[in-house]
Amino acid sequence: MMNNTLNKRLLCASSFVEKGAYVADVGCDHAYLPIYLIENNIASGVVAADINEGPCEKARENIKKHSLTNVIKVIKTDGLYGIEKYRPDNIVICGMGGDLIWKILSASEYTKCSSPLLILQPMTKQNVLRKELLENGYNIVDEELCTDDRLYEIIVARYDGIKREWNDAHLLCGKLNAEKKTPLFHEHIKKITDQYTTIIKGKSTAGIDTSYEERIIKELRDFLK
Ligand SMILES: C[S@@+](CC[C@H](N)C(=O)[O-])C[C@H]1O[C@@H](n2cnc3c(N)ncnc32)[C@H](O)[C@@H]1O
C-alpha cells in the first residue's frame with residue numbers, strides 16, 4: 001500500500017463499502033483493504049480473515065504498524081466460518097476465482113439470514129459466480145469494471161430470496177455492465193469475444209459445431225450498439 005492508498009482494483013471494490021459498515025474481508029492477505037477502510041473513515045470496524053497463517057501474520061504486522069489493532073481483528077479461518085459472530089454488514093471477497101468465492105458463500109447461511117452487502121471481485125469464472133448468485137436468490141445490485149494491470153470486474157450482490165435468470169451473454173459480461181456501458185465496457189466485450197474466437201478456431205479445426213460460440217459473440221457485440 002503506497003501513500004495510504006490502494007491499487008485501483010481494491011479501491012474500486014472499497015468504493016462499494018457502505019459508510020459506517022462493520023466489514024468482513026475474506027482472504028485479506030496483507031490487510032491493505034481493511035486498513036484503507038478504517039483510515040479513510042469508511043468502515044466502523046473490520047474482521048480480516050484468511051485461511052493461511054502467512055497472510056494472517058502479514059495482516060497483523062501491517063495492522064500493528066498502522067496502530068489499528070483495536071478496530072481490525074485478524075482471524076485465521078476458512079471462508080465465513082466463525083465470521084458470523086461479528087455480524088458484518090458488508091462482506092468483501094477479492095482476488096479469488098469465481099468458483100471459490102461461490103464455495104465460500106454457499107458454505108455459510110449467514111449471507112442468507114442477515115443479507116449483508118457482498119462486494120465480490122472474482123479473478124476468473126465471473127459467469128459461474130453470477131449464475132450461482134442469481135439462481136440461489138441473490139440479487140446483483142451493481143457491477144463495475146476497473147483497470148489496473150488488467151481489466152477487473154466487481155460484482156455487488158445481496159440476498160433477497162428471489163431467484164433470477166440471465167442469458168449466457170449477460171452472465172459473461174454482466175447485465176448491469178451492459179446497461180451502464182462505462183468507458184471500459186468496449187474493452188471488456190473485446191476481451192470476452194477474443195476468448196470465444198479462440199474457442200471457435202480450436203473447435204473448427206476439430207470439426208466441432210461452433211454455432212453456440214458464434215451466437216454468444218453476436219449477442220455480446222450487440223450490447224455495444
Ligand atoms: C490472491 S490473494 C487476494 C488478497 C486480497 N483479497 C486482494 O484481493 O488483494 C487470495 C487470498 O485468499 C486467501 N484464501 C484462499 N482461500 C481462502 C478461503 N477459503 N478462506 C479464506 N481465505 C482464503 C489466500 O490465503 C490469499 O491470502
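Indexing begins at 1, ligand by ligand and atom by atom, following the structure's order.
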ask   = Looking only at heavy atoms, is any part of Leu33 under 4.0 Å from ligand 1, and if so is it the side chain, the backbone, or both, or is it neither?
value = neither
Return a table of donor-acceptor pairs under 3.5 angstrom between the side chains of residues 135-142 and protein atoms on other chains or two or more places apart.
from, atom 1, to, atom 2, distance (Å)
Glu135, OE2, Lys131, NZ, 2.8
Asn136, ND2, Glu132, O, 2.7
Asn136, ND2, Glu132, OE1, 3.3
Tyr138, OH, Thr111, OG1, 2.6
Asn139, OD1, Arg164, NE, 3.4
Asp142, OD1, Lys180, NZ, 2.9

inquiry  = Need the ligand 1 atom indices (1-based, order shown) with element for anything under 4.0 Å from a heavy-atom of Thr77.
reply    = 20 (N), 21 (C)
inquiry  = Show the atoms of ligand 1 that are less than 4.0 angstrom away from any heavy atom in His30.
reply    = 9 (O)
Proximal ligand 1 atoms for Gly79, defined as those under 4.0 Å from one of its heavy atoms = 18 (C), 19 (N), 20 (N), 21 (C)
message = Give the atom numbers and elements of ligand 1 that come within less than 4.0 Å of a heavy atom of Pro55.
response = 25 (O), 27 (O)
task = Starting from atom 9 (O) of ligand 1, find the nearest protein heavy-atom neighbour and note its residue, name and distance.
result = Arg9 NH2, 2.8 Å
inquiry  = Quick one: does any side-chain atom of His188 pair with a main-chain N or O of Cys173 as donor and acceptor, under 3.5 Å?
reply    = yes
ask   = Nearest non-hydrogen atom to atom 21 (C) of ligand 1 belongs to which of Asp25, Leu6, Ile83, Ile51?
value = Ile51
note = The answer for which part of Lys103 has a heavy atom under 4.0 Å from ligand 1 is neither
remark   = Which of Asp50, Asp29, Asn52 passes side chain to side chain donor-acceptor pair (under 3.5 Å) with Lys58? Answer is Asp29
ask   = Do the side chain of Asn90 and the main chain of Glu18 share a donor and acceptor less than 3.5 angstrom apart?
value = yes
ask   = Any N/O of Leu10 closer than 3.5 Å to an N/O of ligand 1?
value = no
Heavy-atom proximity to atom 6 (N) of ligand 1, best of Gly27, Gly95, Ala49 = Gly27
query = Honestly curious: do Val71 and Val46 fall in one hydrophobic cluster under the side-chain, below-4.5 Å linking rule?
reply = yes
key: Atoms in ligand 1 flagged as close to Leu100, the criterion being non-hydrogen separation under 4.0 Å   = 16 (N)
request  = Would you indicate which of Leu80, Asp78, Ile93 comes nearest to atom 19 (N) of ligand 1 when only heavy atoms are counted?
outcome  = Asp78
query = Among Thr197, Ile200, Ile217, which residue meets the side-chain contact (heavy atoms from CB on, under 4.5 Å) test with Thr210?
reply = Ile200
